[in-house]
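These notes are about the structure you will find just below.
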Number of protein chains: 2
Amino acid sequence: METNLLKNISVDCVIFGFDMESLNVLLVERTMNASQSNDTLFSDLTLTGHHIYENEDLDGAAKRIVNDLTGLKNLVLEQFYSFGELDRLQHPNDQLWIDQFEGALDKRVVSIGYYSLLPSLNVNIKQKGRVVKWYPVNEISELAYDHTFILEKAISHLRYKLRYEPIGFEMLPPKFTLSQMQKLYEAVLGVELDKRNFRKKVSQMTYVVPLNEKQKGVSHKPAQLFMFSRDVYEKTKTERYDFFV
Amino acid sequence: METNLLKNISVDCVIFGFDMESLNVLLVERTMNASQSNDTLFSDLTLTGHHIYENEDLDGAAKRIVNDLTGLKNLVLEQFYSFGELDRLQHPNDQLWIDQFEGALDKRVVSIGYYSLLPSLNVNIKQKGRVVKWYPVNEISELAYDHTFILEKAISHLRYKLRYEPIGFEMLPPKFTLSQMQKLYEAVLGVELDKRNFRKKVSQMTYVVPLNEKQKGVSHKPAQLFMFSRDVYEKTKTERYDFFV
DNA sequence: CTGTTAAGTGTATTTTTAACACTTTGTTTG
DNA sequence: CAAACAAAGTGTTAAAAATACACTTAACAG
């Protein structure tokens, strides 16, 4: 079914997850050992990406890459930008790595950036010998390749999108409280929101529907649970331009 | 200097221009004649695009492509989306065309979409045997390849960008009137705006600066001329999210 | 000097945003 | 079982922004 990899084109995926505290990204450790001594030459972190197959479209490649790492399907996948700087893989570490592990591929690679949104950090990561972990976006410093830049572009696209479309619910459980929803908006947008004003605004969103159910297992007053109805959203959305804030 | 073309990667450019009436796009006629009889097999319109060179980055390719057609440099260039559907060049007409004129290149091409903004339709188009013309975006029906889709994506990106960033001035002359500016916003956004409310809003934009100069050669009350100051804009912009409307 | 054309201007109303603090409810602990 | 704890839940007022709306002015053309 799958045929050749296109040697000049890859897809890089930024996998976002929200843990009711902060916005996180799934990163893969890249550790290079000296061929003989087994000393570590360098160790850093990368997003996840892969070249695309000749008979695979871009969305399909992004799906495959996310599925390869998380086992999940049907996630939101959003293409946000493409990266083709000549020096994007030219750091010595990157060159070493590519020579060793991707020798057959090209050093000139244009990468199409996608991000996907996960409803939880509790995912069975397919390690496949890799070390894969969640990192809060605010605590990430330098990534390998040009992945710091790619991540920044992804975050700003996500922020934009979150304001104008109901995309945040993809990072919440199907039943969520308003405080959780507020924390999500605060974490992604990087702002503090007023509880009463937030709730006033949400109460006008007919597609955020209260359930006959309350939070359980918490040691305080349990909160009302809500769900997002895409159905209602599609039917009530007008040609508004600002979704939120 | 320039080396090989990458056979799987191209850049397609949507060149927008504003003529104080409507938003226009520069399109190239594509006419295919039967090899012997010289009858026209088909004739349609395309955006302008080209494969990228191995040692050329994406922005550079976009610049080259726009310059090849218009001779202009230093235009605003904005990457808006990438297109990699498997069937994007699979229409029989497209296949015929590619076989004849781009035989050496691949049928599987991922194209990076850019748009650029021109301050006028008065451009010396480098015809090079091509027929190149401006078309109002509202009057464009079917384009070749997947270019209708690409154009739609470009327009919606431009609309978004126009609301939040002072990008419209790129399509106005250096000295412009408020009516011209209003018409630009109306043409791009596809809405009608109230003159007084529009002016009230613009008067708060300190970076739209009145000049000591009036319109000349019009047969009615001449309008005050204004200029856009990027300088002032950069210094006064805050972390606002909505630029306009 | 009259007609034509687009420029230019202000106010009142509605809507939206922003700021702000106490009470309620269920759980835990002593 | 009473008290302490923790987060849920709730309204009002003031300021700012958006909207709707119609007449006067300046230059040119005939």
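Treat the numbers as computed from the prediction; the structure is a model and nothing was measured. Naming: A, B, ... by sequence-line order, numbering from 1 per chain.
Here the nucleotide nearest the side chain of B/N197, chosen from D/dA8, C/dA7, C/dG10, is C/dG10.
Under 3.5 Å, the side chain of A/K200 and the base of C/dT17 form no donor-acceptor pair of N or O atoms.
Across all strands, B/T177 comes closer than 4.0 Å to no nucleic acid atom at all (heavy-atom distances).
Between the CZ atom of B/F198 and the C1' atom of D/dA17 there is a distance of 17 Å, rounded to whole Å. The NZ atom of B/K183 sits 7 Å away from the P atom of C/dA7 (whole-angstrom rounding).
Within residues 208-219 of chain B, the residues that place at least one heavy atom under 4.0 Å from DNA chain D are, in residue-number order, B/V218, B/S219.
With contacts defined as side-chain heavy-atom distances shorter than 4.5 Å, the pair A/L26/A/K133 does not qualify.
Evaluation of the side chain to side chain contact (heavy atoms under 4.5 Å, CB included) rule for B/F42 yields B/R30, B/M32, B/D44, B/N93, B/L96, B/W97 as partners, not counting sequence neighbours. For B/F149, the ring-ring contact (aromatic ring centres under 6.0 Å, His included) partners two or more places apart in sequence, or in a different chain, are B/F83. A/E170 is linked by a salt bridge (charged side-chain N to carboxylate O under 4.0 Å, His left out) to A/R230, counting only residues two or more places apart in sequence or in another chain. The ring-ring contact (aromatic ring centres under 6.0 Å, His included) check on A/F18 picks up nothing, with sequence neighbours excluded. A/Y114 is linked by a ring-ring contact (aromatic ring centres under 6.0 Å, His included) to nothing, counting only residues two or more places apart in sequence or in another chain. Scanning for salt bridge (charged side-chain N to carboxylate O under 4.0 Å, His left out) contacts around B/D231 gives B/K235, with sequence neighbours left out. Remark: B/H50 engages no residue in a ring-ring contact (aromatic ring centres under 6.0 Å, His included) (not counting sequence neighbours). Residues passing the salt bridge (charged side-chain N to carboxylate O under 4.0 Å, His left out) test with A/K175 are A/E213, sequence neighbours excluded.
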Polar pairs (N or O, both sides) under 3.5 Å between protein and nucleotides 14-16 of chain D?
none

Could you run down the sub-3.5 Å N/O contacts of the protein with nucleotides 22-25 of chain D?
| residue | atom | partner | partner atom | Å |
| --- | --- | --- | --- | --- |
| D/dA22 | N1 | B/R196 | NH1 | 3.3 |

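B/K201 has no side-chain polar atom (N or O) that falls below the 4.0 Å cut-off from OP1 or OP2 of D/dA17. Between A/S179 and the phosphate of D/dA7, there is no side-chain N or O to OP1/OP2 separation shorter than 4.0 Å.
Toward the 5′ end of DNA chain D lies the nearest nucleotide of A/H220, the other residue of the pair A/D194 and A/H220 mapping further downstream.
Between B/R199 and B/D194, no side-chain nitrogen of the basic residue sits less than 4.0 Å from a carboxylate oxygen of the acidic one, so the salt-bridge criterion is not met.
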Could you go through residues 214-222 of chain B and list every donor-acceptor pair under 3.5 Å that involves a side-chain atom there, pairing it with any protein atom two or more places apart or in another chain?
| residue | atom | partner | partner atom | Å |
| --- | --- | --- | --- | --- |
| B/Q215 | OE1 | B/A223 | N | 3.1 |

